[in-house]
2 protein chains.
Amino acid sequence: MAKEANHPVRTTEKSLALIERLREADGARIRDLVGVAELSKGAVHNHLSTLREHGYVTKEGEEYRLSLQFLTLGGYTRGRTPLYRYGRSKADQLAADTGMLTNLVTEENGRGVYLYQARGDYAVNLDTHVGYRIRLHYTGVGKAILAYLDPERVDEIVDEWGLPMETENTITDRGELHAELDRIRARGYATDHEERTEGLACIAAPIRLDDEILGAISISAPTQRLGNEGFDEEIVGEVESTANELALDLKYRYDG
Amino acid sequence: MAKEANHPVRTTEKSLALIERLREADGARIRDLVGVAELSKGAVHNHLSTLREHGYVTKEGEEYRLSLQFLTLGGYTRGRTPLYRYGRSKADQLAADTGMLTNLVTEENGRGVYLYQARGDYAVNLDTHVGYRIRLHYTGVGKAILAYLDPERVDEIVDEWGLPMETENTITDRGELHAELDRIRARGYATDHEERTEGLACIAAPIRLDDEILGAISISAPTQRLGNEGFDEEIVGEVESTANELALDLKYRYDG
DNA sequence: GCGGAGTGTTTTCACATCGAAAACAACCTA
DNA sequence: TAGGTTGTTTTCGATGTGAAAACACTCCGC
């Protein structure tokens, strides 16, 4: 996130805290929200009524929930993202060709954000989904992105988010991470061999435009489907060529 | 939307106005936002900094934009929606079977919200997308939903949103709309014969759970593909049976 | 290199507004 | 009917907001 604002608008922060709480709690009643941001019952009521009037919150009976307005704004924002605009059909194609789950991920504030997923005929079901935010250090897409960020930025991100261990294969050492990023740059693609989820592997390729890293595209599958020792050359090739096509499309696109 | 709050939180409303403006303008600089909600330059700066610190807004150079945080919250909210959870695979299947564009839409605050779209091999490209909001009176999904809302609610919605004409086939008369909704209830599905877009037709079926209307599923295609005079019986059957399966899945689902 | 215009950021302080507290309303249970 | 719980509304004083102004920075043209 950004450095602290000099003159934060505290009232807005209170509304945002309520929104965050509604998300965590998956909807809540007023009494459950008393105390959030140190707000009283009446104050919670005022904030929720305001958010509701503007369509950001719905009320069913006594229960307040986040509305689909976030999906509307999010869909709009995603639609303005070149990586999504040009990458969606490529991801569909890669999913159809390989039968696997393909992902389109970009970076925001030091984490990955899933922009799109396409499901092939044999796609695995995971906890990830559009909008989902994920640590960069233990995913193929994440490492593919990190490899092409400035090293200082990588360190900033590690400082902020750490290198939490998820499986025994997770990279938890900063030096080891940088070495891995060197390898990724050298060969042009990233892999994830059960670094976040046991039994799951990924092959990911960065998508760059004029030295700027826009994100990455990947396929995820059970480890054995991607080649148990060493990754399957053919599948790696498919991911790489899809990424190359996408990068070219982005470079020579018509609109701004 | 809701009736006016008694004690609106004006500061929150100002932040929301800025968010709305950023969406409309597709990003903006501070000078462009002066005057929105009657805010001064310094005030705009404070609001944007606050929103940025909490991850709702990004800043590239001097330009502020909505972040993907909305996609994150929206993806989360969508994932909590039973119609989406159970309907996604059905929509995929219907798209694969028919080759057409299939849509999953629910209603919120008097408009339809696209929850999901699946693309068959011959799917048309439209302006609709996930999160997109659409009037109910000139779409198949919209009319399928209206047909199973309380008639008073339908009138409320018409009062709020009107019946704007989009093509010469658009229903613009309230009585005619109610007659159409009667027909839809009688035969169990709705159609759209170029009522919103010339050359485009839809077949839509409502998804209900215990007399509550959760939304609708539809397929969209060029008019001639759905049968030029009268809709193709076979395709109608596919949509209807998909809707029935989905309704059953929703009724006998395992989780709450 | 200099001055001026345009813009983003920070500071100050008067006054709008936010929200704690309390009263009220609506509901449920015993 | 009384008593408990919760949502909504009102009141009014403390707080936080934002207009205005000053400052900092960049980009011009000369």
Side-chain angles (χ1 to χ4, degrees), chain A residues 1-67 108-109 156, chain B residues 1-67 108-109 156:
Chain A
M1 237 58 52
K3 49 214 67 165
E4 204 161 312
N6 290 38
H7 279 258
V9 184
R10 300 205 194 286
T11 305
T12 295
E13 291 189 315
K14 291 169 187 169
S15 282
L16 296 180
L18 286 172
I19 287 171
E20 178 57 23
R21 196 78 174 73
L22 283 180
R23 188 193 66 82
E24 285 170 13
D26 188 24
R29 309 181 53 163
I30 284 189
R31 62 151 183 245
D32 304 320
L33 297 169
V34 173
V36 171
E38 301 184 317
L39 289 167
S40 70
K41 189 168 58 161
V44 170
H45 181 262
N46 289 340
H47 278 266
L48 292 181
S49 298
T50 303
L51 290 170
R52 185 155 97 101
E53 190 184 348
H54 290 266
Y56 289 81
V57 157
T58 61
K59 185 183 175 191
E60 294 155 23
E62 310 287 66
E63 179 121 325
Y64 290 85
R65 299 177 156 276
L66 297 187
S67 80
E108 191 174 84
N109 294 326
E156 267 179 43
Chain B
M1 235 59 50
K3 49 213 69 165
E4 205 162 310
N6 290 39
H7 279 257
V9 183
R10 299 204 194 285
T11 305
T12 295
E13 291 188 315
K14 291 169 187 169
S15 281
L16 296 180
L18 285 172
I19 288 170
E20 177 57 22
R21 197 78 174 73
L22 283 179
R23 187 192 67 82
E24 284 170 14
D26 187 25
R29 307 182 53 164
I30 284 190
R31 62 152 184 243
D32 304 320
L33 297 168
V34 173
V36 171
E38 301 184 317
L39 289 166
S40 70
K41 188 168 58 161
V44 169
H45 180 263
N46 290 340
H47 279 266
L48 292 181
S49 299
T50 303
L51 290 170
R52 185 154 96 100
E53 191 185 344
H54 290 266
Y56 289 82
V57 157
T58 61
K59 184 184 176 190
E60 293 155 24
E62 309 288 68
E63 179 120 326
Y64 290 85
R65 298 177 157 275
L66 297 188
S67 80
E108 190 174 84
N109 294 325
E156 266 178 43

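Every chain is numbered from 1, with letters handed out A, B, ... down the list of sequences. For clarity, every value in this text was computed on a predicted model and none was experimentally measured.
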B:Glu38 CD to D:dT17 C1', straight-line distance once rounded to whole Å: 14 Å
Between D:dG7 (P) and A:Leu48 (CG): distance, integer Å: 10 Å
Distance, rounded to the nearest Å, where A:Glu63 contributes CD and D:dG7 contributes C1': 14 Å
Whole-Å gap separating C1' (D:dT8) and NE2 (A:His47): 16 Å
Leading and trailing nucleotides of DNA chain C with any atom under 4.0 Å from heavy atoms of chain A: C:dT10 to C:dA20
Length of the CG-P vector between B:Leu39 and D:dA19, whole Å: 6 Å
Heavy-atom side-chain contact between A:Glu62 and A:Ile30 under 4.5 Å: no
Under-4.0 Å side-chain N/O to phosphate OP1/OP2 contact, A:Thr11 with D:dT17: yes
A:Glu24 CD: over 12 foreign heavy atoms closer than 6.0 Å: yes
Where A:Ser67 and A:Gly55 come nearest, the two heavy atoms and their spacing: OG-O, 2.6 Å
Qualifying residue, where the test is side-chain contact (heavy atoms from CB on, under 4.5 Å) with B:His47 and the options are B:Thr11, B:Leu33, B:Val36: B:Thr11
Spacing between A:Lys14 atom NZ and D:dT15 atom P, to the nearest angstrom: 11 Å
Given DNA chain D, 5'-ward residue of the pair A:Lys59 and A:His7, judged by closest heavy atom: A:Lys59
For the student: nearest non-hydrogen atoms of A:Lys14 and A:Ala37, plus distance: CG-CB, 4.0 Å
Touch class at under 4.0 angstrom, heavy-atom based, for A:Ser40 against every strand present: base
Residue closer to the 5' end of DNA chain D, A:Gly42 versus A:Arg10 (nearest nucleotide): A:Gly42
Validation row: B:Leu16, A:Leu51 side chains within 4.5 angstrom (heavy atoms): yes
Length of the NE2-C1' vector between A:His45 and D:dT10, whole Å: 13 Å
Euclidean distance, atom CD1 of residue B:Ile30 to atom C1' of D:dA24 [Å, nearest integer]: 14 Å
N or O in side chain of A:Arg29 less than 4.0 angstrom from D:dG7 OP1/OP2: yes
Test item: B:Leu48 and B:Leu22 side chains (from C-beta on) under 4.5 Å apart, heavy atoms: yes
